[in-house]
Novice: 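Have a look at the structure that comes next, please.
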Amino acid sequence: MTESVGTNELLKDNFALSVVTWQEKFGRHHLPWQHSGAYATWISEIMLQQTQVETVINYFKKFMTQFPNIAALANANIDEVLAIWSGLGYYARARNIHKSAQMIVNDFDGKLPSNIEDLMKLPGIGPSTAGAIMALGHKHYGVILDGNVKRILSRCFGRHLDGQSHHAQKQLWQLSYWVTPEKNCHIYTQGIMDLGSSVCHKLHPQCNQCPIQSICYAHKYNITPHLPYPKVKKNKPSFTKHLVIPYHQGKLGLMKRPNTGIWGGLWVPFILDELPKEISTFRTYHSIKHIFTHQTWIIKPLLANDHLDQIEHWFYPEDALQLGIPKPVRDVIEIIHHDQINTLQEVE
DNA sequence: AATTCGGGGTG
DNA sequence: CACCCAGAATT
């Protein structure tokens, strides 16, 4: 038994050391949020939730320019934050990050907490993001469990698990805590993510470049692409939505969505399941297919000359484009803007 | 334990 | 077209 534990300790240390050594040679060291302090780490980690690095980079730079520190973010209006976030998706992240900044000013002396418990009191920071902030931002001990880590651990240690189940989550967290080293924790943490994204791919893993190939269970049994087990697929319903845009004297009528549900807090026109019988259509545009995580919308945009009395806020298209608006709404308004510059004329 | 939150990249 | 991505909150 003692010998078995000793062997496991060697395996664990071999794993962590191999990842650290690999990271120093082949990992990423010049991402925009690296070497920029814990605030930058926090913002980047929120943006990177379920979002790829390449997508995040430009949003991150714009965000840091507009909100260079926690105080600036706390003092901003939520609409400014959502405007920067516009197009990135998962807009609760923007609302949470703004609320968190105000909580930090009010409850944490204006400084990002440097312990797991306080970090997880902030909305939008769960266990993995808190671990990443601890390790990457504060250079303390912190444990993460993201898609990269799940894939590497399930392969290397032979966990034939559905990555979704509660049981699997628990085991993978246990594994991640076990392998994460106290020494060079931040290098290891960056390394395991870089390894997952650049070597241990889902479909075509580059095992010949992998520093832990010799201890990898999946490689030993030649089943690397088959782990982890795929999630159970769910069918995605499709809906038609009429995007009824009030139009008057060159301006578009928009309203702010409530802070819950799809596109919470963003500016949108009417989104209707069915077109009203009596509607004065000024102009229609081609349909847009918009795919969410769990449903698909066929969006049919049109400019309408009525329902005007219900609208409190009117914007010229170029001004509307500066608001926090969802991607397909942006696409439609850009078309309208272009249209308007060239030919669009309102008939009285 | 399952669903709900965007949008883009990739095969 | 289907799946995944530096997940968390909600039910």
Side-chain angles (χ1 to χ4, degrees), chain A residues 27-28 31-34 40-60 82 85-97 99-100 119-137 142-152 162-170 172-173 176 186 189-198 200-204 225 228-238 257 259-266 288-297 324-331:
Chain A
R28 295 173 287 191
L31 294 168
W33 42 86
Q34 292 177 311
T41 304
W42 171 38
I43 301 302
S44 72
E45 286 300 327
I46 301 297
M47 287 188 170
L48 286 160
Q49 287 169 2
Q50 299 296 287
T51 310
Q52 295 181 355
V53 168
E54 287 306 315
T55 304
V56 164
I57 288 176
N58 286 333
Y59 284 92
F60 174 80
L82 285 169
W85 213 272
S86 179
L88 189 58
Y90 286 155
Y91 298 96
R93 297 184 296 179
R95 303 193 304 271
N96 286 335
I97 222 172
K99 184 178 180 185
S100 291
L119 280 172
M120 287 186 60
K121 291 176 184 169
L122 301 174
I125 299 182
S128 189
T129 300
I133 293 171
M134 289 296 289
L136 303 174
V143 180
I144 66 169
L145 188 67
D146 65 3
N148 290 313
V149 179
K150 288 179 187 173
R151 191 168 57 256
I152 292 176
D162 164 20
Q164 285 301 90
S165 75
H166 187 259
H167 180 65
Q169 291 289 115
K170 197 173 172 184
L172 288 169
W173 266 114
S176 190
H186 65 288
T189 300
Q190 186 65 49
I192 191 116
M193 292 190 293
D194 289 357
L195 188 61
S197 67
S198 66
C200 197
H201 295 132
K202 179 174 68 82
L203 285 181
H204 302 293
Y229 284 171
K231 304 166 184 174
V232 284
K233 69 168 179 71
K234 53 198 172 191
N235 51 346
K236 190 179 292 187
S238 182
R257 302 206 96 191
N259 283 332
T260 54
I262 288 175
W263 297 340
L266 300 192
I288 295 174
K289 183 176 183 178
H290 188 73
I291 303 171
F292 294 98
T293 304
H294 55 296
Q295 55 188 271
T296 298
W297 284 7
I325 53 177
K327 178 61 165 61
V329 174
R330 177 174 301 281
D331 290 343

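Hydrogens, waters and symmetry mates are skipped; everything else that's a heavy atom, side chains included, is used. Here is the naming used below: chain letters follow the sequence lines, and residue numbers restart at 1 for every chain.
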Novice: How many whole angstroms separate atom CZ of A/F292 from atom P of B/dT4?
Specialist: 13 Å
Novice: Does anyone know the first and last nucleotide of DNA chain C in reach of chain A, 5' to 3', at under 4.0 angstrom to a heavy atom?
Specialist: C/dC1 to C/dA9
Novice: By the 4.0 Å heavy-atom rule, please label A/R151 as base, sugar-phosphate, or nothing.
Specialist: sugar-phosphate
Novice: Sticking with atom P, work out how far B/dC5 lies from C/dA6, rounded to a whole angstrom.
Specialist: 23 Å
Novice: Select base, sugar-phosphate, or nothing to describe what A/G196 touches, counting heavy atoms under 4.0 Å on all strands.
Specialist: nothing
Novice: For A/G87, report the nucleic acid contact type (base, sugar-phosphate, nothing); a contact means any heavy atom under 4.0 Å.
Specialist: sugar-phosphate
Novice: Compute the ring centroids of A/W297 and A/F292, then answer whether they are less than 6.0 Å apart.
Specialist: yes
Novice: For B/dG6, does either OP1 or OP2 sit under 4.0 Å from a side-chain N or O belonging to A/H290?
Specialist: no
Novice: Of A/N96 and A/K236, whose nearest nucleotide on DNA chain C comes first from the 5' end?
Specialist: A/K236
Novice: When we call it a touch if two heavy atoms are under 4.0 Å apart, what does A/L31 touch: a base, just sugar-phosphate, or nothing?
Specialist: base
Novice: For A/Q190, report the nucleic acid contact type (base, sugar-phosphate, nothing); a contact means any heavy atom under 4.0 Å.
Specialist: base
Novice: Base, sugar-phosphate, or nothing: which does A/T129 touch, judged by heavy atoms less than 4.0 Å apart?
Specialist: sugar-phosphate
Novice: Indicate, with a heavy-atom threshold strictly under 4.0 Å, whether A/T51 touches base, sugar-phosphate, or nothing.
Specialist: base
